[in-house]
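Computed over heavy atoms, backbone and side chain alike; hydrogens, waters and symmetry mates excluded. Whatever order the structure lists ligands and atoms in, that order sets their numbers, starting from 1. Bear in mind the structure is a predicted one, so any value in this text is a computation, not a measurement.
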Amino acid sequence: MNGLTIVRHPLVQHKLRLLRDRASSIQLFRTVMRETATLLCYEVTRDLPTVPIRIQTPVAETEAHELAGKKLVFAPILRAGLAMAEGMLDLVPSARIAHVGLYRDPVSLNPVEYYFKAPVDIAARLVIVVDPMLATGHSAIAAIDRLKAAGVADLRFVCLLAARPGAEALRAAHPDVPIWTAALDETLNDHGYIVPGLGDAGDRTYGTR
Ligand SMILES: O=P(O)(O)OC[C@H]1O[C@H](OP(=O)(O)OP(=O)(O)O)[C@H](O)[C@@H]1O
Ligand SMILES: O=c1cc[nH]c(=O)[nH]1
Ligand SMILES: [Mg+2]
């Protein structure tokens, strides 16, 4: 799919196998979710611009490279996106965080916003929206609508698992926002869950069901 990158790295696929497995404990699920997010962060930041800088090593002066521009923003969609954001912060500890509080109404499958808090200068930054699950795509579309309304123009979306209908909906609604995922599953069930999926990511992370 145009604008969608599937991260096929063997470590990512091995960790996704653990996340999909219903036998994995909450503790394992949480740990592996975080680790997988770190690996996905590596991929989603692969083409960030750098600038040359002269530095002094203990031995000689040399040219090195550092990230250009303002610090990144990670925008986790609550709740399940939080565990992923922690894993991404392991790799980019100076990133800013925009919390996007949304839950999906279980009957209508429409997103309901309950919280939004972002850096004041977010409009000038690259924002990477983070949520493990892209199912119908409604939550991701609403989160990105909200961030664009706050002035953000440079956005990426990263998830663990995307369903084809949700990925297509997100690409149609926001064609300027590229997607990174560890896998693309074909379908959703009657309750809007990804099949085969991994179940409810928030409940499996926080032990709420
Ligand atoms: O693509 P969609 O059909 O909108 O579904 C995906 C959304 O559903 C889940 O969140 P949920 O509403 O379960 O909230 P939670 O993270 O608090 O459990 C998931 O983390 C996404 O945000
Ligand atoms: O399969 C799904 C769909 C939405 N939210 C989840 O946590 N899992
Ligand atoms: Mg949930």
Side-chain donor/acceptor of N189 to backbone N/O of Y193, under 3.5 Å: yes

Any atoms of ligand 2 less than 4.0 Å from a non-hydrogen atom of G192? List them with their elements. 3 (C)

Any nitrogen or oxygen of I194 lying under 3.5 Å from a nitrogen or oxygen in ligand 2? Just yes or no. yes

R104: heavy atom below 4.0 Å from ligand 2, yes or no? yes

Pairing residues for D154 by the salt bridge (Lys or Arg N to Asp or Glu O under 4.0 Å) criterion, not counting sequence neighbours: none

For Y103, does the six-membered ring have the charged nitrogen or CZ of R79 within the cation-pi criterion, i.e. under 6.0 angstrom from the centroid and within 45° of the normal? no

Taking only non-hydrogen atoms of A201, do any sit less than 4.0 angstrom from ligand 1? no

Closest to atom 5 (O) of ligand 1 by heavy-atom distance, out of R204, R104, R79, M84, is R104

D185 (side chain) donor-acceptor with G197 (main chain) under 3.5 angstrom: yes

Compile the donor-acceptor pairs under 3.5 Å between side chains in residues 63-76 and protein atoms, sequence neighbours left out, one pair per line.
none

G192 to ligand 1: N or O pair under 3.5 Å? no

Minimum heavy-atom distance R171-V177, with the two atoms named: NH1-O, 3.0 Å

Close approach of L109 to ligand 1, heavy atoms, under 4.0 angstrom: no

Contact (N/O only, under 3.5 Å) between A135 and ligand 2: no

Hey, could you give me the CG/NE2 distance between L16 and H9, rounded to the nearest 0.5 Å? 14.0 Å

Looking only at distances, please establish whether an N/O atom of ligand 1 is found under 3.5 Å from an N/O atom of A80. yes

As an exercise, identify every atom of ligand 2 less than 4.0 angstrom from a heavy atom of A201. 6 (C), 7 (O)

Taking E86 for its side chain and R34 for its backbone only, find out whether a donor-acceptor pair lies under 3.5 Å. no

On the ring face of Y114, is R104 found with NZ or CZ under 6.0 Å from the centre and within 45° of the axis? no

Are any of the N/O atoms on M133, whether in the backbone or the side chain, positioned under 3.5 angstrom from an N/O atom of ligand 2? no

Under 4.0 Å from a heavy atom of M133: which atoms of ligand 1 are those, numbered in the order shown and with their elements? 6 (C), 19 (C), 21 (C)

Under 4.0 Å from one or more heavy atoms of G199, ligand 2 contributes atoms 1 (O), 2 (C), 6 (C), 7 (O), 8 (N)

Scan side-chain atoms only and decide if T45 and R156 contain a donor-acceptor pair under the 3.5 Å cut-off. no

Please confirm whether S139 comes under 4.0 Å of ligand 2, counting heavy atoms of the residue only. no

Where the closest heavy atom to atom 22 (O) of ligand 1 is concerned, which of D131, I77, N110 has it? D131

Please confirm whether T136 comes within less than 3.5 Å of ligand 1 when only nitrogen or oxygen atoms on both sides are compared. yes

